[in-house]
Amino acid sequence: VQLQASGGGLVQAGDSLRLSCVASGRNFSSYYMAWFRQAPGKEREFVATMDWSSGITYYTDSVKGRFTISRDNTKNAVYLQMNSLKPEDTAVYSCAADRSPTLAVARTYNYWGQGTQVTVSS
């Protein structure tokens with residue numbers, strides 16, 4: 001099982017970025033796919049998750065209305081569209097997957113991709 005994350009970069013406050021996570025190695029149609037982030041000196045934080053089969057999504061409060069998690073079944077990919085970025089969004093963003101996680105709890109996701117750095121300057 002592999003999760004390959006990409007799309008990070010250095011942007012200014014108010015800009016947008018789209019992160020991608022391409023999944024391979026199994027059928028993820030019955031999985032939850034999530035994004036977490038970790039800022040320097042801070043614990044890993046839940047950002048968003050999606051039930052792949054139903055499309056139902058969940059977000060942490062600080063990103064609601066700004067971030068959107070979506071999927072492309074044909075590409076086996078999950079995306080995180082991040083708009084109106086703020087300096088406090090600066091972190092390493094990682095994608096994760098699991099069949100039955102506790103949605104916002106990182107340790108309950110068994111599969112992880114490498115992180116991609118997002119830096120938002122003020």
Side-chain angles (χ1 to χ4, degrees):
V1 175
Q2 278 197 323
L3 301 176
Q4 184 73 33
S6 63
L10 172 63
V11 298
Q12 293 187 331
D15 286 350
S16 299
L17 273 177
R18 189 178 81 154
L19 306 183
S20 300
C21 177
V22 178
S24 62
R26 66 178 58 201
N27 185 338
F28 285 88
S29 62
S30 61
Y31 280 64
Y32 284 82
M33 305 294 293
W35 288 96
F36 287 80
R37 66 187 180 185
Q38 188 166 20
K42 295 188 176 181
E43 293 188 355
R44 184 174 287 173
E45 176 189 25
F46 168 77
V47 177
T49 193
M50 167 182 276
D51 178 345
W52 192 296
S53 61
S54 69
I56 295 174
T57 58
Y58 306 87
Y59 298 91
T60 192
D61 286 346
S62 63
V63 308
K64 285 180 181 177
R66 300 188 299 123
F67 291 11
T68 303
I69 188 171
S70 63
R71 71 193 187 294
D72 184 333
N73 292 335
T74 64
K75 297 181 179 179
N76 227 27
V78 173
Y79 305 100
L80 186 68
Q81 177 67 42
M82 306 186 294
N83 298 329
S84 302
L85 282 161
K86 304 175 181 180
E88 51 263 43
D89 295 318
T90 295
V92 175
Y93 285 71
S94 300
C95 57
D98 199 86
R99 191 182 295 274
S100 57
T102 302
L103 299 182
V105 180
R107 68 177 184 274
T108 65
Y109 288 81
N110 281 316
Y111 303 106
W112 288 85
Q114 90 292 357
T116 184
Q117 176 71 46
V118 172
T119 303
V120 185
S121 63
S122 58

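The first residue of the sequence shown is numbered 1, and numbering continues consecutively from there. All heavy atoms count here, side chains included; hydrogens, waters and symmetry mates do not.
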Check: [X] side chain, [Y] main-chain N or O, donor-acceptor pair, under 3.5 Å:
X: Tyr59; Y: Ile69; answer: yes
X: Thr102; Y: Thr108; answer: no
X: Asp72; Y: Ala77; answer: no
X: Arg18; Y: Gln81; answer: no
X: Gln2; Y: Gly113; answer: no
X: Arg44; Y: Arg37; answer: no
X: Ser121; Y: Val11; answer: yes
X: Asp98; Y: Asn110; answer: yes

Determine whether Tyr79 and Thr68 satisfy the following criterion, side chain to side chain contact (heavy atoms under 4.5 Å, CB included), listing intermediate values before the conclusion. CA-CA 8 Å; Tyr79 305 100; Thr68 303; over 6 Å; no
Quick one: closest heavy-atom pair of [X] and [Y], and the distance?
X: Ser29; Y: Ser53; answer: O-CB, 3.2 Å
X: Ser122; Y: Ala13; answer: CA-CB, 4.4 Å
X: Ala23; Y: Met33; answer: CB-CE, 4.3 Å
X: Ala34; Y: Thr49; answer: CB-OG1, 3.5 Å
X: Glu45; Y: Ser62; answer: OE2-OG, 4.1 Å
X: Tyr32; Y: Pro101; answer: CD1-CD, 3.5 Å

With side chain to side chain contact (heavy atoms under 4.5 Å, CB included) as the test, pick out the partner of Val118 among Leu80, Leu19, Val92.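 Filter result, single survivor: Leu19.
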Do [X] and [Y] sit in the same hydrophobic cluster, where Ile, Leu, Val, Met, Phe, Trp and Tyr count as joined when their side-chain heavy atoms come under 4.5 Å apart?
X: Phe46; Y: Met82; result: no
X: Ile56; Y: Trp52; result: no
X: Leu17; Y: Tyr93; result: yes

What do the steps show when you test Thr90 against Glu88 for side-chain hydrogen bond (donor to acceptor under 3.5 Å, both in side chains), and what is the final call? CA-CA 5 Å; Thr90 295; Glu88 51 263 43; over 6 Å; no
Can a salt bridge be assigned to the pair Asp89 and Lys86 using a cut-off of 4.0 Å between side-chain N and carboxylate O?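 No, this pair does not count.
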State, yes or no, whether a side-chain contact exists between [X] and [Y] at a heavy-atom distance under 4.5 Å.
X: Trp35; Y: Val78; value: yes
X: Leu3; Y: Val22; value: no
X: Tyr58; Y: Asp51; value: no

Rounded to the nearest 0.5 Å, what separation is found between the NZ atom of Lys75 and the SG atom of Cys21?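 Result: 14.0 Å between the selected atoms.
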Let me confirm one number: the CG-CG distance from Asp15 to Asn83, rounded to the nearest 0.5 Å.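 Asp15 atom CG to Asn83 atom CG measures 10.0 Å (nearest 0.5 Å).
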Over 60° means perpendicular and under 30° means parallel, so classify the ring planes of Phe28 and Tyr111, tilted if in between.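 Rings of Tyr111 and Phe28: perpendicular, as their planes differ by over 60°.
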Indicate whether the side chain of Thr119 and that of Gln117 have a donor and an acceptor atom separated by less than 3.5 Å.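 Present: a donor and an acceptor within the cut-off.
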From CA spacing to verdict: side-chain hydrogen bond (donor to acceptor under 3.5 Å, both in side chains), Arg99, Ser30: CA-CA 6 Å; Arg99 191 182 295 274; Ser30 61; 2.8 Å; yes
Mind checking whether Tyr109 and Phe36 have ring centres under 6.0 Å apart?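 For Tyr109 and Phe36, the ring centres are under 6.0 Å apart.
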Assess whether side chain to side chain contact (heavy atoms under 4.5 Å, CB included) is satisfied between Gln114 and Gln4, documenting all intermediate values. CA-CA 7 Å; Gln114 90 292 357; Gln4 184 73 33; 3.3 Å; yes
